[in-house]
Amino acid sequence: MKDHARQLASALATILDAIEEHERHRIPAAQLRAFSLNELDAMVKRGDQLIEDPVGQSLRMGVKQIGRLLAENDFSFDEMTDVLELAADSTQTGNPGMRSYIVDKWWDGLCDKSGAILWVA
């Protein structure tokens, strides 16, 4: 693995550690409810998730940014997977499966320089 890939994996692991720590101390939502696609679209456009959990959403945007950096620097899908696995597995107390799920969700739809979809969750 390239040094740049290891550095990005380390940064991703740090963000995942912070997400897990944030989630441990976060007050759970009062209740769950279902939304129509129109309601969900309106919530996203208003930034409801960012308003309700600015730290958590900002951390997740960091996960997305690392994915973009990998894609923009011509990392292949396999190389990106290696970075994800290194970051997900570099935890003493966290859940590697949950860490992989977070990355998979936030890398969904990433494209390479040609515009071809590189990552599909």
Side-chain angles (χ1 to χ4, degrees):
M1 181 179 283
K2 302 178 212 174
D3 284 343
H4 190 221
R6 287 186 194 287
Q7 292 168 335
L8 289 169
S10 176
L12 181 58
T14 299
I15 293 170
L16 292 169
D17 290 343
I19 289 171
E20 289 178 322
E21 183 66 20
H22 175 70
E23 289 299 317
R24 274 193 282 279
H25 299 290
R26 191 168 156 229
I27 298 169
Q31 63 182 185
L32 298 176
R33 94 170 234 236
F35 300 100
S36 70
L37 288 177
N38 287 337
E39 288 174 309
L40 184 58
D41 184 54
M43 291 170 61
V44 169
K45 287 179 180 173
R46 285 190 309 262
D48 288 3
Q49 301 95 325
L50 189 59
I51 292 166
E52 291 173 14
D53 184 16
V55 172
Q57 289 302 305
S58 296
L59 289 166
R60 285 166 174 81
M61 288 177 194
V63 170
K64 181 88 168 189
Q65 182 59 29
I66 288 176
R68 285 186 185 128
L69 288 168
L70 290 165
E72 290 169 3
N73 284 282
D74 295 322
F75 281 77
S76 68
F77 174 80
D78 290 337
E79 291 169 321
M80 290 176 71
T81 301
D82 290 344
V83 168
L84 182 157
E85 290 174 352
L86 183 59
D89 292 341
S90 68
T91 179
Q92 299 294 322
T93 59
N95 179 334
M98 182 55 71
R99 291 163 71 97
S100 293
Y101 170 77
I102 291 167
V103 173
D104 188 44
K105 177 181 175 183
W106 283 87
W107 286 5
D108 185 38
L110 288 176
C111 297
D112 63 17
K113 287 181 181 178
S114 71
I117 293 178
L118 187 60
W119 197 275
V120 178

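- Side-chain heavy atoms closer than 4.5 Å link hydrophobic residues (I, L, V, M, F, W, Y) into clusters, and following such links, possibly through other members, connects F77 to L12.
- Scanning all heavy atoms of the two residues, the minimum distance from A121 to D108 falls at N-OD1, 2.8 Å.
- Between R99 and E23 there is no salt bridge, since no side-chain nitrogen of the basic residue lies less than 4.0 Å from a carboxylate oxygen of the acidic one.
- The backbone N or O of S10 sits less than 3.5 Å from a side-chain atom of T14, completing a donor-acceptor pair.
- To the nearest 0.5 angstrom, L86 atom CG is 12.5 Å from T81 atom OG1.
- Under a 3.5 Å cut-off, the side chain of E20 and the backbone N or O of N95 do form a donor-acceptor pair.
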Any chance you could lay out the side-chain contact (heavy atoms from CB on, under 4.5 Å) test for Q49 and D53, step after step, and finish with the verdict? CA-CA 6 Å; Q49 301 95 325; D53 184 16; over 6 Å; no
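- Here the side chains of V83 and E79 are not in contact, with every heavy-atom distance at 4.5 Å or above.
- The shortest side-chain heavy-atom distance between T91 and L16 does not fall under the 4.5 Å cut-off.
- Hydrophobic clustering (side-chain heavy atoms under 4.5 Å, transitive across Ile, Leu, Val, Met, Phe, Trp, Tyr) groups V55 together with V103.
- For D112 (side chain) and S114 (main-chain N/O), a donor-acceptor pair under 3.5 Å exists by modelled atom type.
- I117 places none of its side-chain heavy atoms less than 4.5 Å from the side chain of L110.
- Between Q57 atom CD and D48 atom CG the span is 10.5 Å, to the nearest 0.5 Å.
- The distance from the NE2 atom of H22 to the CD1 atom of I15 is 14.0 Å, given to the nearest 0.5 Å.
- Separating the CG atom in L50 from the CD atom in E52 is a distance of 10.0 Å, to the nearest 0.5 Å.
- For the atom pair CZ (F75) and NE2 (H4), the distance works out to 5.5 Å, reported to the nearest 0.5 Å.
- K64 contributes no side-chain N or O that, together with a main-chain N or O of K105, makes up a donor-acceptor pair within less than 3.5 Å.
- Side-chain N/O atoms of D78 and S76 include no donor and acceptor closer than 3.5 Å.
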Evaluate the side-chain contact (heavy atoms from CB on, under 4.5 Å) criterion for residues S36 and D41: first the C-alpha distance (whole Å), next the side-chain angles of each, then the deciding distance (0.1 Å), finally the verdict. CA-CA 9 Å; S36 70; D41 184 54; over 6 Å; no
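- No donor-acceptor distance shorter than 3.5 angstrom exists from the side chain of D104 to the backbone of S100, with no hydrogens or angles considered.
- V63 and V44 are members of different hydrophobic clusters when ILVMFWY side chains are connected at heavy-atom separations under 4.5 Å.
- Counted within 6.0 Å of CD1 on I51, heavy atoms from surrounding residues, nucleotides or ligands total more than 12; the atom is thus considered enclosed.
- Using the six-membered ring where Trp is involved, W119 and W107 have ring planes that are perpendicular, over 60° apart on the 30 and 60° scheme.
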